[in-house]
Structures are given as C-alpha cells and as structure tokens.
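For reference, the structure discussed in these notes is given below.
In listed order, ligands and their atoms are each counted from 1. These values consider heavy atoms only, across backbone and side chains, with no hydrogens, waters or symmetry-generated copies. Nothing fancy with the numbering, it's 1 onward along the sequence. Keep in mind it's a predicted model, so treat the numbers as computed, not measured.
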Amino acid sequence: MFHAEITGWGKCLPPAVLSNEDLATFLDTSDEWITSRTGIKERRICHCNFSDMALVAARRALAAADLDPSELDLILLGSLTNDSLCPNTASLIQDALGARNCASIDINSACTGFLYGLHIGTNLIRTGAHKKVLVIGGEFISHYMNWNRRDVAVLFGDACGAVIIEASEKETGLIASKIGCEADAKYAIQITNLGSAYSRQSDDFLYVGWNFEGQEVFRRAVKCMSLACKDVLKQAGLTVDDIKLVVPHQANKRILDSLARRVGIDPDRVFVNVHKYGNTSAGTIPVALTEAVEEGRISPGDYILTASFGAGLTWGAGLIRWGDRVTPLKESDAELPPNDKTALEILEPQIRRYAAREESVT
Ligand code: UT7
C-alpha cells in the first residue's frame with residue numbers, strides 16, 4: 001500500500017486588511033467585542049477572483065515540491081465560493097496551470113473542504129488510483145457576506161492554501177483520518193438565496209442571507225472535533241504526548257482553547273493564526289500548515305494533529321506524519337493581480353447595496 005507524503009505547501013493571502021475598527025465604521029460592533037468573543041483582530045479581503053488566490057497557492061505548493069503541473073493526475077478543490085458552478089473551478093485551475101494530464105473535482109463541504117480533500121486524495125493514492133494530487137482549500141467568503149449581519153460579518157476572511165501529496169512507500173502524510181457530518185444541524189449555518197432551490201421561489205434571490213446559530217455551532221464544533229481527534233489518535237496507536245503540534249481549523253480562539261482542553265493538549269502546542277485572518281473556511285488548515293512549516297514549528301517526522309468543522313455540519317480530524325523535508329525545493333514568483341484599494345474601498349459597493357436593501361424591507 002502507498003502512503004501520501006506532503007511534498008509541497010503554499011498559501012495566498014490577499015493584501016487588503018480589514019480591521020475590527022474598520023468593521024465598526026459601518027456595523028454596531030467594537031474591537032473589544034470581537035476580540036473577547038473570537039480572538040480575531042483583522043482579516044483579509046480579496047480584490048480579485050477566488051481562482052486567482054487558488055492559483056497562487058497552487059503554484060507555490062507545486063514549486064515547493066518541484067513538480068511540473070503536467071505530472072499531476074488529480075486536483076481536488078475544497079471551497080464553497082467558487083468562481084462559477086459551471087465550469088467547476090478546479091478545471092479553471094487545471095487549465096491555468098497547464099496540468100493537462102489530470103482530473104479536476106470541486107468539493108463543497110464548507111470549512112472542512114480541505115480536510116475532506118486531503119482524506120479523499122490520500123485514500124485515492126493509497127489504492128494506487130492516483131499518484132500526484134494537488135489539494136486546495138480556500139474561500140472568497142467576503143463575496144457571499146451579508147454586510148448587515150454583525151454576528152456573522154466579523155467572523156470571516158478570504159484566503160487560500162494548497163498542498164501537494166505524492167505516493168510514497170514511507171509511512172508519511174495523512175496516516176489516519178475520520179470525517180463525518182451532523183446533518184441534523186444542517187441549517188445551523190446556511191447561506192440563503194443562492195442555489196436552484198431559491199431562484200424560482202424568492203424575490204430575494206441574490207440578496208444573500210445567513211442563518212447562523214453561533215452557540216449551537218460552537219458546541220457541536222468542540223464535541224465533534226475532540227471526538228474525531230481521539231478517534232484518529234486511537235487509529236494510529238498514539239497519544240497526545242506523541243503530537244508535536246495541533247493545526248486545527250481557525251474559527252474562534254475560544255473554540256481552539258476548548259478543543260485543547262478536551263483533547264488534553266497544552267495550548268502552546270496548538271497553532272493559532274485566527275487573530276490575523278479570521279475564519280477563512282476551507283483555507284484555514286492549508287494556510288496554517290504552511291505557516292507552521294515556515295515558522296519552524298514542524299520538523300521532519302513530526303506527528304501533527306488537525307481537525308475541522310463547518311456547514312453541514314461537516315467535521316473531521318486527521319493525523320499527519322510529516323515527511324523528510326521542511327524546506328521548499330523551489331520558490332514560485334506567482335503573485336495576485338495588483339491592488340491599490342483598501343479593504344473598505346473594495347467592500348463599499350456591497351456594504352451600500354445591503355444597507356439599501358435593509359432600508360427597503362424595514
Ligand atoms: O467554521 C464554522 C463557522 N462558525 C463558527 O465558528 C461559529 C461558532 N460560534 C462562535 O464563534 C460564537 O458563538 C460567536 C462568536 C458567533 C458568538 O459568540 P457568543 O459568545 O456565542 O455570543 P452570542 O451569540 O451569545 O451574542 C451575545 C451578544 C448578543 O447580544 P444580546 O442578545 O446579549 O443583547 C448579540 O446580539 O452579542 C451580540 N453580538 C454582537 N455585539 C457586538 C453579536 N455579534 C456582535 C458583534 N458585535 N459583532
């Protein structure tokens with residue numbers, strides 16, 4: 001049986017920064033509330049298309065693995081904010097990369113999209129069906145935001161990350177994983193007015209709405225991620241003492257602290273960057289993994305625990321054994337198109353549109 005070694009990693013953060021103070025200029029909120037309830041100080045706002053971010057992250061991951069795109073045999077893209085539904089966005093990435101020898105699949109499982117992709121890609125490599133897989137996770141969630149909703153708008157940001165996994169005979173990569181979905185809570189996070197169920201029924205079509213039961217999601221997130229973490233540790237015959245670093249989904253610092261307590265791991269061994277980027281949905285884990293490697297927090301052979309949850313309510317955990325290399329083989333010069341706007345300037349038309357909409361319905 002093959003294993004699926006992580007040989008490349010990359011991230012893409014759009015440059016425009018939206019601070020808590022910026023949000024307080026048009027929402028009834030404050031830096032104090034956002035920081036104390038979530039740990040988030042700022043987030044990034046995308047000025048281009050989602051696929052531009054995904055492409056930069058993918059090019060950086062390919063360079064780190066020193067892989068030519070023509071060697072890829074599968075692209076798995078976890079996101080719910082794709083450029084378009086048809087064609088799928090993985091095919092846009094495939095074409096832009098010139099990865100002519102592969103299949104391309106979009107995975108819509110919200111924040112768990114990257115972990116689901118890593119689970120699927122790893123298991124396809126294990127069977128021998130695929131050998132070199134690009135797994136991308138990211139989100140352009142600001143595009144789908146309802147800027148009247150202070151309880152949701154302050155939580156999210158835009159970003160993308162990617163890894164390359166390659167067949168290997170060494171026991172490395174995702175050595176154990178568990179994914180699931182608490183579908184009875186599917187409406188605890190719901191983006192309304194988008195999708196074929198809405199288009200014929202609603203005058204509100206395209207005025208995106210959110211159902212968001214924050215406390216219910218919080219409770220289930222901690223429960224599902226901690227149970228999944230224990231499951232993968234058991235599968236691998238390891239304990240928390242064997243884990244060098246936990247690299248979990250970054251939604252809320254309080255969720256990370258509760259997860260650390262439940263799993264019985266010191267908070268110092270939990271990687272945190274939610275203060276810089278907010279919740280970037282499927283982007284959080286590949287961005288955090290990339291930063292953990294860049295910051296020297298992962299060494300060859302380390303065991304890394306990861307866990308995620310998101311709309312669905314999808315959830316999962318994975319146990320990664322890092323390979324022999326923590327330095328990229330090559331660097332990519334891929335960059336996003338230039339941007340000369342502030343985050344508030346980028347968002348201004350959307351904020352104005354949602355404010356006008358609220359006025360017209362009240
Ligand atoms: O990847 C999955 C994505 N989902 C999540 O990660 C969500 C998980 N849940 C959470 O992170 C937390 O539940 C939240 C951060 C969303 C909310 O924190 P909370 O401590 O559960 O606050 P709450 O919902 O109980 O709201 C407390 C108060 C309410 O006011 P009242 O009713 O007590 O007067 C809210 O209206 O805070 C108010 N509030 C705000 N105040 C200032 C809600 N949002 C804001 C805001 N600024 N942005």
If hydrogens are left out, which of W33, F212, F309, F156 has an atom nearest to atom 44 (N) of ligand 1, that is, the closest non-hydrogen atom?
W33
Looking at F50 and T89, what are the two nearest heavy atoms and their distance?
CD2-CG2, 4.0 Å
Is atom 31 (P) of ligand 1 close to the protein, meaning a heavy atom under 4.0 Å from it?
no
Counting only heavy atoms closer than 4.0 Å, does ligand 1 sit against the backbone of D151, its side chain, both, or neither?
both
Just jot down the ligand 1 atoms closer than 4.0 angstrom to any heavy atom of V154, in number order.
48 (N)
Are E358 and R353 close enough for a salt bridge, meaning some N to O gap below 4.0 Å?
no
Kindly compute the distance separating CG (L336) from SG (C46), expressed to the nearest 0.5 Å.
7.0 Å
Look at the rings of F140 and H143 and say which category their plane angle falls in: under 30° parallel, 30 to 60° tilted, over 60° perpendicular.
tilted
Determine if the distance from atom 14 (C) of ligand 1 to the closest protein heavy atom is below 4.0 Å.
no
Between the CG atom in L305 and the CD1 atom in I320, the distance rounded to the nearest 0.5 Å is 9.0 Å
Which heavy atom of R126 sits nearest to which heavy atom of L174, and what is that distance?
NH2-O, 2.7 Å
Minimum-distance protein heavy atom relative to atom 23 (P) of ligand 1:
Q215 NE2, 3.7 Å
Here the atoms of ligand 1 under 4.0 Å from any heavy atom belonging to T38 are 15 (C)
Among R219, R37, Q250, whose heavy atom sits nearest atom 22 (O) of ligand 1?
R37
Tell me which one of A188, S30, A251 gets a heavy atom nearest to atom 6 (O) of ligand 1.
A251
Is it the case that K223 places NZ or CZ above or below the six-membered ring of F309, under 6.0 angstrom from the centre and within 45 degrees of the axis?
no
Would you say the side chain of Y277 lies within less than 4.5 Å of the side chain of V287, judging by non-hydrogen atoms?
yes
Can you name the residues that form a salt bridge (Lys or Arg N to Asp or Glu O under 4.0 Å) with E42, not counting sequence neighbours?
none
Protein heavy-atom partner closest to atom 18 (O) of ligand 1 - residue, atom, separation in Å:
R254 NH1, 3.9 Å
What protein heavy atom is closest to atom 29 (C) of ligand 1, reported as residue, atom name and distance in Å?
R150 NH2, 4.9 Å
Going by heavy-atom distance to atom 11 (O) of ligand 1, choose the closest among N252, T29, N20.
N252
Options I189, D28, N279, ranked by nearest heavy atom to atom 1 (O) of ligand 1, top entry:
N279
Tell me the protein heavy atom at minimum distance from atom 8 (C) of ligand 1, and give that distance in Å.
G214 O, 3.5 Å
Please assess D66 against K330 for the test salt bridge (charged side-chain N to carboxylate O under 4.0 Å, His left out), listing each intermediate value before the final yes or no.
CA-CA 6 Å; D66 192 17; K330 287 190 176 159; 3.1 Å; yes
Under-4.0 Å heavy-atom contact between protein and atom 20 (O) of ligand 1
yes
